[in-house]
Amino acid sequence: MENRPNLQIYALGGTIAMVPAATPGVHPTLTADDLLAAAPELSAFAQVSAETLLNKGSANISFDEVAMVCRKVAQSDCDGFVVTQGTDTMEETSFLASLLHQGKQPIVFTGAMRSPTQPGADGKANLVAAALTAVADKTPSVAVVMNDEVHHPFYVTKAHTSNVAAFQSVVRGPIGQIAENNVFLHPFQNHPTFDTPDGFAPIALLTALLDDDGRMFDHILDAGYKGLVIEGFGAGHVSEQIADKLADIAKSIPVILSSRVRAGVVFEKTYGYRGAEMDLLSRGLVPAGRLSGRKARILLSLLVSLYGEGWQQEFSNVVKHV
Ligand code: ASP
């Protein structure tokens with residue numbers, strides 16, 4: 001009797017699927033079937049089907065397309081899923097998927113730092129490791145697997161432009177590793193998930209910069225953004241000039257305070273000077289905890305779209321899990 005688990009690969013493009021084409025450089029070309037054909041090892045431990053949903057550079061993936069992948073997963077009875085895509089935005093797509101995927105079957109995102117025709121191409125190894133993780137016991141509902149490490153979407157970030165070890169979970173390290181075809185996972189905390197909204201509210205992300213007069217901030221409301229995330233200096237600080245602009249914006253739309261530093265929590269009760277976190281929070285900003293600005297932007301977009309003015313309670317609830 002067949003006892004291998006059913007595994008579904010959804011391909012979205014990215015370097016793992018990129019080969020030289022008619023115009024210079026590599027371009028997204030290979031299909032999900034091509035990726036599967038290049039990795040016959042998968043059939044040793046899973047019955048695999050493959051489908052190409054998109055074939056593009058990951059900068060072009062939309063929130064709606066991530067929701068579409070989650071919807072397909074919800075409609076399938078497969079035991080596990082691998083999503084192949086570009087690494088550039090994987091920290092964002094996987095984070096959104098982790099908020100939208102309400103089922104238990106794992107969705108494991110993977111890709112490649114080197115295209116299939118480059119020496120030392122890592123796509124096949126990543127695909128096999130991701131597939132093993134997708135059918136392993138106790139894999140979180142969404143994970144990122146790159147370079148034989150399993151990362152939680154809340155923490156993972158692309159931290160190098162070319163190294164095959166580009167993916168890091170800066171706050172807490174990977175939640176697992178793959179060795180000798182075994183998946184070793186550390187315990188992790190479950191977090192809230194949400195329904196998919198009809199559309200996603202546009203949220204801006206701006207970064208505090210030394211000696212910036214903040215003229216960009218003057219256009220946020222006119223541009224129609226429904227929220228703003230500011231990546232402050234250090235533990236959540238901006239200049240006095242920017243602090244006043246943020247306080248004004250926060251009278252109209254949600255403003256989240258995150259940090260441009262890659263690791264650590266946004267402070268809430270240490271620095272009291274004008275432009276520091278205590279001042280900003282007292283003037284209506286909401287702290288992102290340990291969520292990066294990019295992830296806070298995605299969470300805010302989802303929650304504003306679902307709950308309108310009731311976004312804040314759910315936001316704080318998710319931040320507690322980070
Ligand atoms: N530019 C590519 C992409 O994100 C990079 C990659 O896949 O690693 O689509």
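Counting convention: from 1, in listed order, for ligands and their atoms alike.
- At a 4.0 Å heavy-atom cut-off, ligand 1 touches Ala112 through the backbone alone.
- Remark: aromatic rings of Tyr271 and His237 are close, center separation under 6.0 Å.
- Counting protein heavy atoms only, atom 8 (O) of ligand 1 is closest to Thr87 OG1, 2.4 Å.
- Between the side chain of Ser301 and the backbone N or O of Ile298, no donor-acceptor pair lies under 3.5 Å.
- No donor-acceptor contact under 3.5 angstrom links the side chains of Ser76 and Gln8, judged on distance only.
- Using a 3.5 Å distance cut-off with no hydrogens or angles, the side chains of Asp77 and Gln105 do not pair a donor with an acceptor.
- Among all protein heavy atoms, the one lying closest to atom 5 (C) of ligand 1 is Thr15 OG1, 3.2 Å.
- Nearest protein neighbour of atom 4 (O) of ligand 1, counting heavy atoms only, is Ser58 OG, 2.6 Å.
- Looking at Lys158, His151, Gln168, Arg294 one by one, the single match for side-chain hydrogen bond (donor to acceptor under 3.5 Å, both in side chains) with Glu91 turns out to be Arg294.
- For ligand 1, none of its N or O atoms has an N or O atom of Lys56 under 3.5 Å away.
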What's the verdict on side-chain contact (heavy atoms from CB on, under 4.5 Å) for Phe45 and Leu42, showing C-alpha distance, side-chain angles and the deciding distance? CA-CA 6 Å; Phe45 60 88; Leu42 297 180; 3.7 Å; yes
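- Close contacts of ligand 1 with Gly14, meaning ligand atoms under 4.0 Å from a residue heavy atom, involve 7 (O), 9 (O).
- Listed by atom number, the atoms of ligand 1 under 4.0 Å from Gly57 heavy atoms are 9 (O).
- Remark: ligand 1 atoms within the under-4.0 Å shell around heavy atoms of Met18 are 9 (O).
- Near Asp88, meaning under 4.0 Å from one of its heavy atoms, ligand 1 places the atoms 1 (N), 2 (C), 3 (C), 4 (O), 5 (C).
- When ring centroids are compared, His152 and His191 come within the 6.0 Å threshold.
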